[in-house]
Structures are given as structure tokens and as C-alpha cells.
Chemist: 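After the C-alpha cells below, expect a handful of questions from me.
A quick note: this is a predicted structure, and the numbers were derived from the prediction, not measured.
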Amino acid sequence: MPSANAGAKAAAVIGGMLAGADSIDDLDLLRHGGMGRLFAGVRAPSTLGTFCARSPTATCRLLDKVNAGLSAGLATRVPDLLTGSDADGVAFLDLDDTVREVHGYAKQSAAFGYSKVRGLNIHLAAISTPTAAPVIARAGLRKGNTASVTGCGRLLGQAITTARAAGVEGRILARADSAYSGWASVGTAVRHKAWFSVTARMNPSVLTAITSIDEDAWQAIEYPTRSTTRPNSAESLTPRSPRSTSWRSPVAARTSTSRAA
């Protein structure tokens, strides 16, 4: 649906993003202080929200691209934003989604999702390093009952591109839980030459593979200050001070974190 004064509204949304707004309500900051000297014809947040909701998909994709550019630009202005992601370092790229509850029967795209509440599904990809806090690289708002895995390949690919644009030079490790288990996420990581660590679902094939592992074939792994027990056994393991030990199958050793060829 065509929107009146679309240029002014789009400029207001982008200007709000540049000023630090991360939600529709935050766009109200354009009407405070000296912002009137910079922006003319600023609309109310409710008007801008309606404009975004009624905009064609292509327009939303352009705004999403602008947001990705802001993340990359922020990294150049704040050099330590992703510290530890140089050529010898590693960056973690985490995929996840969450359902936020909304109210009102006419709320667009609201539905009951996996959390059993009526809301909207938010798809997120965040970059972090061993020494840097997470930074949202990409995000998407979806219908409340959208499956977690839907669109994950596209989101992961865009997030990896954003990470590189933000100065990540080292290896990228994409991580996700079992909701993202499948070729959509793994294949995208492989195509972008990234590592991946995705929890496998406990389906019959996985269970068969686990039960076929010899008892003596399990490999020890170490976790900081955490004590665990050996799978299928009540026998407690003796921790290695100051670290403790768990067990890992040879199958997991090869597949839980895989390196792209």
C-alpha cells in the first residue's frame, strides 16, 4: 500500500537508528532536545510503526541492510567492540529466537508459538568473542507461530557477512541448539567457510549411533569447575583439579564442531 511522505518517514526511521533507537517507541527521541534542527517533518512513533508494517518486503530488506551497515560502522568507531576477533582469534555467532507476548486481537501476525503465549517471534544472530560481549548482527520479526528453523540459513549467511564487514578476521564459530539442527544452518556455515556447533536432535538415527559406541571408546573432555557423571553410569568421575571431566563420544568429537573444508 503506497504511503504518503514515504521519504520523510524512511528518513526518520534511519535517523532514529543512527541516534540509537532500537525499537519503534525509541523513535520518539527524534522529537526531543535539539533534534528538530537536524530533522524536519518528524512523525510520531505510531505513524512510523504503521509505515514499517505496511511497507513492501523490499523496503524492509533495505532498512535491514542499513541496520547491518550500522553494526559494521560501530565496530570501526569502537575498536574494542569485537576484541579478540583478529586473524588469530575466534568469533562466536549465536542463532536463537524468542517469543514476546503482545496484546490485542487485531495485532498483526500475533499467534501462539512454542512458548504457549500469544506473541511475535524474534529471530536473532549475535556476535561475541571470548573477551567481547554479544553484539546483535541481524534480527528479524516473524509471525508468532513461526518455526525456529525457518529462514535460519538466510539469517546466518547475512550475519556472517555482517561479522566480516565489522572487522572479524579470524575463524567464525556458528552455534545453535537442536531447533536449528539440519542442513539449512550447517550448509550455510560450510558455504561461508565457518565452523559450526549445532546440537543434534535425539532422533532414532542419533540414538542408534550412540548405542553402537563401545564403552571404551568415550573420550574425556574438560569443563572449568564443573563435576559431571559418565553417561549411562552412576559412577562419579574424579575431577582433575582445578578442572573437572565429562565424557564425549567419538561421534560427537567429529560432528558436534565441524570445520568447513
Side-chain angles (χ1 to χ4, degrees), residues 10-30 32-35 37-39 42 45 48 52 60-98 122-141 151-177 180 185-186 188-198 223-225 257-261:
V13 173
I14 295 173
M17 294 164 63
L18 290 169
D22 57 8
S23 69
I24 293 297
D25 287 340
D26 285 351
L27 293 176
D28 194 46
L29 60 80
L30 295 178
H32 291 272
M35 289 294 187
R37 299 179 181 179
L38 296 175
F39 299 96
V42 173
L48 298 176
C52 291
C60 295
R61 294 283 183 260
L62 288 174
L63 291 175
D64 191 34
K65 187 174 181 179
V66 170
N67 188 44
L70 290 177
S71 299
L74 181 62
T76 61
R77 293 177 177 272
V78 185
D80 293 334
L81 183 68
L82 294 173
T83 180
S85 61
D86 53 18
D88 297 326
V90 61
F92 306 115
L93 190 51
D94 295 296
L95 292 181
D96 207 349
D97 68 332
T98 183
I122 305 169
H123 211 189
L124 297 168
I127 312 170
S128 63
T129 74
T131 56
V135 176
I136 295 177
R138 286 283 182 162
L141 191 62
C152 71
R154 177 179 176 276
L155 185 76
L156 177 58
Q158 291 178 334
I160 292 175
T161 300
T162 300
R164 294 303 186 194
V168 175
E169 299 177 351
R171 179 66 67 176
I172 293 177
L173 171 60
R175 306 186 297 189
D177 60 26
Y180 297 89
S185 58
V186 172
T188 300
V190 171
R191 287 193 297 273
H192 286 80
K193 299 181 179 181
W195 287 341
F196 62 87
S197 177
V198 181
Y223 291 105
T225 65
T257 303
S258 177
R259 185 170 186 168

Chemist: How long is the gap from CD1 on Ile172 to CH2 on Trp195, to the nearest 0.5 Å?
Modeler: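 So the gap between those two atoms works out to 11.5 Å.
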Chemist: Side-chain atoms of residues 154-165: list all donor-acceptor pairs with protein atoms under 3.5 Å, sequence neighbours left out, distances to 0.1 Å.
Modeler:
unit_1: Thr161; atom_1: OG1; unit_2: Gly157; atom_2: O; d: 3.1
unit_1: Thr162; atom_1: OG1; unit_2: Arg138; atom_2: NE; d: 3.4
unit_1: Thr162; atom_1: OG1; unit_2: Gln158; atom_2: O; d: 3.0
unit_1: Arg164; atom_1: NH1; unit_2: Val168; atom_2: O; d: 2.9
unit_1: Arg164; atom_1: NH1; unit_2: Gly170; atom_2: O; d: 2.7
unit_1: Arg164; atom_1: NH2; unit_2: Gly170; atom_2: O; d: 3.3

Chemist: Looking only at heavy atoms, what is the nearest atom pair of Ala19 and Leu29, with distance?
Modeler: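 For Ala19 and Leu29, the tightest heavy-atom pair comes out as CB-CD1, 3.5 Å.
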Chemist: side-chain contact (heavy atoms from CB on, under 4.5 Å) with Leu124: which of Asp94, Asp97, Asp96, Ile136?
Modeler: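 Of Asp94, Asp97, Asp96, Ile136, side-chain contact (heavy atoms from CB on, under 4.5 Å) with Leu124 is met by Ile136 alone.
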Chemist: Compare every heavy atom of Tyr180 with every heavy atom of Ser185, then report the nearest pair and how far apart it is.
Modeler: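 Scanning both residues, the minimum pair turns out to be OG-O, 2.6 Å.
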Chemist: Taking only residues two or more places apart in sequence, or in another chain, which ones meet Leu74 in a side chain to side chain contact (heavy atoms under 4.5 Å, CB included)?
Modeler: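 Partners of Leu74 by the side chain to side chain contact (heavy atoms under 4.5 Å, CB included) criterion, ordered by chain and then number, come out as Val78, Leu81.
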Chemist: Give the minimum heavy-atom separation between Cys152 and Leu95, together with the two atoms involved.
Modeler: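 Distance-wise, the nearest heavy atoms are O-CD1, 4.3 Å.
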Chemist: Quick one: does Thr129's side chain have a donor or acceptor within less than 3.5 Å of a partner on Thr83's backbone?
Modeler: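 Answer holds: yes.
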Chemist: Got a sec, which residues hit side chain to side chain contact (heavy atoms under 4.5 Å, CB included) with Thr76, two or more places apart in sequence or on another chain?
Modeler: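 Thr76 satisfies side chain to side chain contact (heavy atoms under 4.5 Å, CB included) with no other residue.
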Chemist: Work out which heavy atom in Pro134 is nearest to a heavy atom in Ala126; give both atom names and the distance.
Modeler: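 Minimum heavy-atom separation between Pro134 and Ala126: CB-CB, 4.2 Å.
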Chemist: What distance do Asp26 atom CG and Ile24 atom CD1 have between them, rounded to the nearest 0.5 Å?
Modeler: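 Asp26 atom CG to Ile24 atom CD1 measures 9.5 Å (nearest 0.5 Å).
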Chemist: State, to 0.1 Å, how close Ile127 and Ala91 come at their nearest heavy-atom pair, and which atoms those are.
Modeler: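 That would be CG2-CB, 4.3 Å.
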